[in-house]
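Scope of the values below: all heavy atoms of this structure, side chains included, with no hydrogens, waters or symmetry mates. All residue numbers refer to positions in the sequence shown, counting from 1.
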Amino acid sequence: MLWSDPDDESPKELRDAQDMLRRLGVIMAVAVTAAMVVAALVGLR
């Protein structure tokens with residue numbers, strides 16, 4: 001990389017949006033897993 005090249009750093013808004021989407025993905029994965037466990041337990045009764 002040359003000294004004259006621009007920084008590879010993305011804008012703060014973009015990084016914030018990516019962090020929010022990453023958190024949302026984790027929350028959705030946990031919610032779907034919990035829903036499947038609850039559905040399985042209800043199905044056993």
Side-chain angles (χ1 to χ4, degrees):
M1 183 160 110
L2 299 174
W3 64 272
S4 60
D5 287 346
D7 291 336
D8 287 337
E9 183 108 5
S10 55
K12 183 178 180 338
E13 295 85 15
L14 180 59
R15 286 184 311 226
D16 290 345
Q18 288 173 336
D19 288 342
M20 184 180 63
L21 287 173
R22 194 172 298 118
R23 274 187 244 116
L24 180 63
V26 170
I27 291 170
M28 289 295 291
V30 170
V32 167
T33 303
M36 290 177 71
V37 168
V38 169
L41 290 175
V42 169
L44 292 176
R45 290 184 179 201

Between K12, Q18, E13, which is the residue that forms a side chain to side chain contact (heavy atoms under 4.5 Å, CB included) with D16?
K12
Give me each pair satisfying salt bridge (Lys or Arg N to Asp or Glu O under 4.0 Å) with a member in residues 22-44, each pair once, sequence neighbours excluded.
D19-R22
Residues joined to L14 in its hydrophobic cluster, side chain to side chain under 4.5 Å directly or through other members, sorted by chain and number, are none
